[in-house]
Amino acid sequence: MPINREYIVKRAISLIFVVLGVIVITFIITRVIPARPELLWAGPHATIEQIERARRELHLDKPIHIQLWYYFTDLFTGNWGISWRTRMPILPSILGALPATLELVVFAFILAIAIGIPLGISAAIRRGSSVDNIIRIFSVSGASTPVFWLALLLQLVLCNWLGLLPAAKRVDEYIVLSTGFRPITGFYIIDSLIQGNMLVFIDVVKRIFLPAIVLSLYPMCLSIRMTRALTLEVLSELHVRSSIAWGIPRNRVLYRYVLKNVLAPVIASLGLSFGYTVVGAFMVEIIFVWPGIGYYTAMSLLSYDYPAIIGCIIFVAILYSIINTIVDLIHAIIDPRVKL
Amino acid sequence: MVRDIILSINDLHIDYYTPDGVIRAVRGVSIELCKGESLCIVGESGSGKSTIGLATIRALPQNAVITRGAILYNDIDILKLSEEEMSKRVRGKEISIVFQDPAAMFNPLFTVGEILLDVIATHLGIRDRRKAYEYGINMLKLVELPDPERVVNSYPHELSGGMLQRVAIAVALSANPKLLIADEPTTMLDVTIQAQILDLLKRLRNELSLSMIFITHNLGVAAEVCNRIMVLYAGTLFEEGYTEDILTNPIHPYTRRLLECIPRAGRRVSRLKFIPGTLPDLRTPIPGCPFAPRCEYTTDICRKTPPPIYEVGYKHKVSCHLYQKR
Ligand SMILES: Nc1ncnc2c1ncn2[C@@H]1O[C@H](COP(=O)(O)OP(=O)(O)OP(=O)(O)O)[C@@H](O)[C@H]1O
Ligand SMILES: [Mg+2]
């Protein structure tokens, strides 16, 4: 599959428009909600004059299109602004938080695929059996379980009552200090492996496990249902029958041929569920005190930190576009009929 | 003249279980096929032709149940073999099949060569990729495909229906089966290609001394390819015999109507003929002859009792009450 340059250009252009649209919409929403972020900026016990000055400093006294103009001109010079909450530059803060989220989301998606696809296939080939029914009940109830509820429940049971897993944070600071672990890429699993630091590695895996399970539940259930439905559909197609009739063993037909037919659409649907997963990540990161973008965004939202909110949303939009581009590419690699 | 019987199907009954009831698709069909013979199963859509073909290679859909009967291939009891033994010993190696829809026979995500080489590697145990590839190319040459090196690396959507049908024949024959079931292999092709595929099948049958079951709803095609014809209706046998006998001396009213339906050059007809009416509902019991509602000679007995099978000539059987009354 030769990657078409036109396709990449088209995707890049559409990304620019998506980001512009997202900025404008978020800008309008933040400006019309009845909130007074200048109070936060001015600090507690501020006088009326101080609050007025804060309003001017934040340009909140200007009309919205002027504010938007200021924002755009800054953005194109690489200045994403200062967080009104932490008073730190936003871009480095987001970039610093990104690996934590990516590690969590990637881990969750790997879990979702590694568990969801085999379960979906076993349900399909045992259609109507009790195994099939159990898997189907699990996938329906799992997809409708609220993320925050499950997160709190698992935390309560596994961490507080049984004490099996740590309840929060990416890594234990004490272990980090005592073993001299240094983040390099920001992906702690990779970093600890590079440095051969098994103590940190084990701690990191123990801590990522629970939030990743919670986060993976929705995409996992989605992939179970998609895989089951698609497998049943593909199994009824003539090429399965003819391959078997020509003497290729049934299991090989299933795992070598049918699996590939199922994979592309399942991965595509997971890509589409990415938006939902990011929303889930906001909750999961708050509950598990996970220092990622979700945590940062949630904190910014709670304190009307407009520039940080917009910065985060731009990032999520970019991430969403990139993931869907990757999904498209995977689809094109798997299916020779797809031309990008 | 006694010849070896390669396939014998005895009193086969097949039901399909559907949400709307049980479809009794095959109702007691018996077939005897000798080595090197080609038998044509003719009948209109829904008469159970494909079901018989699929049962022979045990590739029926999940909801099909063989309720009665036996299928013997040489000395192998097909219905008693395990799934693994079927794949290992029978499918592709002894009995093989090609279907109606050439494009749907191939997985769209794989090149046709991948399937071909997989079948070759599975059956002939050729592990060396180079050798399997050469063997595959030779198979494609055997079915008269131009430019086999290109075809082998093509995806199904890159090949025409006629080419795909040739590839399917190549795959089906690659492990030297003795019996080929061809389930309407030309129905979806245009007329010139149809003739080419028929010629190819005839040539291969002679060169490889294949036995063949050829399924079609077109008696004209049947007459061209096969030395025996079996007319099937609603899952039951209506008439069976050597092609010349059926063509020159058709006994069953349904066979005669089928013969009238063959459009022929030189015979001027104002419009194409067809048989009015449709097949009976296969979910309900059929007390008498299934053709009774459409037959112009129907009498009371036709509606009440199923007709027995009469031997009307050398290996010529018919199942019709009319014959008795003659
Ligand atoms: N998978 C299935 N489930 C339920 N019923 C089926 C199934 N396959 C076939 N049937 C029914 O069985 C009967 C015989 O079907 P079959 O495919 O053998 O007919 P056919 O003679 O091959 O027809 P055609 O010329 O259309 O291929 C039909 O009434 C059909 O509706
Ligand atoms: Mg058919």
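Order of the sequence lines fixes the chain letters, A, B, ..., with proteins taken first and strands second; residue numbering starts at 1 for each chain.
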Check your understanding: Can you name the side-chain contact (heavy atoms from CB on, under 4.5 Å) partners of A:Val279, sequence neighbours left out?
Key -> none
Point to revise | Closest-packed option against chain B by number of heavy-atom pairs under 4.5 Å, given A:Arg337, A:Arg250, A:Lys260, A:Glu237 | key: A:Arg337
Review point. For B:Lys35, which residues count as a salt bridge (charged side-chain N to carboxylate O under 4.0 Å, His left out) partner, sequence neighbours excluded?
Key: B:Asp4
Practice item. Assess whether side chain to side chain contact (heavy atoms under 4.5 Å, CB included) is satisfied between B:Met188 and B:Gln165, documenting all intermediate values. Key: CA-CA 10 Å; B:Met188 294 190 61; B:Gln165 195 58 274; over 6 Å; no
**Study point:** residues 98-124 of chain A: residues contacting chain B (heavy atom under 4.5 Å, by number)
**Key:** none
Practice item. Please look at B:Leu54 and chain A and tell me whether the side chain, the backbone, both or neither of the residue comes under 4.5 angstrom of a heavy atom of that chain. Key: side chain
Exercise for review: Could you tell me which portion of B:Pro61 (side chain, backbone, both or neither) has an atom closer than 4.5 angstrom to a non-hydrogen atom of chain A?
Suggested key: both
Check your understanding: Taking it one step at a time, do B:Leu142 and B:Glu207 satisfy side chain to side chain contact (heavy atoms under 4.5 Å, CB included)?
Key -> CA-CA 10 Å; B:Leu142 182 71; B:Glu207 275 176 23; 4.1 Å; yes
Check your understanding: Looking only at heavy atoms, which two atoms of B:Ile14 and B:Ala55 are closest? And how far apart?
Key -> CD1-CB, 3.6 Å
Check your understanding: So which heavy atom on B:Ala25 is nearest to which on B:Leu282, and how close?
Key -> CA-CD1, 4.4 Å
Check your understanding: Going through the distances and angles, do B:Glu85 and B:Lys80 end up as a salt bridge (charged side-chain N to carboxylate O under 4.0 Å, His left out)?
Key -> CA-CA 10 Å; B:Glu85 279 182 308; B:Lys80 294 233 169 75; over 6 Å; no
Exercise for review: Name the region of A:Arg127, side chain, backbone, both or neither, that has any atom closer than 4.5 Å to a heavy atom of chain B.
Suggested key: neither
Check your understanding: Which region of A:Leu235, side chain (C-beta onward) or backbone (N, CA, C, O), has a non-hydrogen atom less than 4.5 Å from a non-hydrogen atom of chain B, or is it both or neither?
Key -> neither
Check your understanding: Which one of B:Ile115, B:Leu60, B:Asp118 has the most heavy-atom pairs closer than 4.5 Å to chain A?
Key -> B:Asp118
Enumerate donor-acceptor pairs with a distance under 3.5 Å from any side-chain N or O in residues 92-112 of chain B to protein atoms, sequence neighbours excluded.
{"unit_1": "B:Glu94", "atom_1": "OE1", "unit_2": "B:Tyr73", "atom_2": "OH", "d": "2.7"}
{"unit_1": "B:Ser96", "atom_1": "OG", "unit_2": "B:Ala172", "atom_2": "O", "d": "2.9"}
{"unit_1": "B:Asp101", "atom_1": "OD1", "unit_2": "B:Ala103", "atom_2": "N", "d": "3.3"}
{"unit_1": "B:Asp101", "atom_1": "OD1", "unit_2": "B:Ala104", "atom_2": "N", "d": "3.4"}
{"unit_1": "B:Asn107", "atom_1": "OD1", "unit_2": "A:Asn261", "atom_2": "ND2", "d": "3.0"}
{"unit_1": "B:Asn107", "atom_1": "OD1", "unit_2": "B:Leu109", "atom_2": "N", "d": "3.1"}
{"unit_1": "B:Asn107", "atom_1": "ND2", "unit_2": "A:Asn261", "atom_2": "OD1", "d": "2.8"}
{"unit_1": "B:Thr111", "atom_1": "OG1", "unit_2": "B:Glu114", "atom_2": "N", "d": "3.2"}
{"unit_1": "B:Thr111", "atom_1": "OG1", "unit_2": "B:Glu114", "atom_2": "OE1", "d": "3.2"}

Review point. Salt bridge between B:Arg130 and B:Glu134, side-chain N to carboxylate O under 4.0 Å?
Key: yes
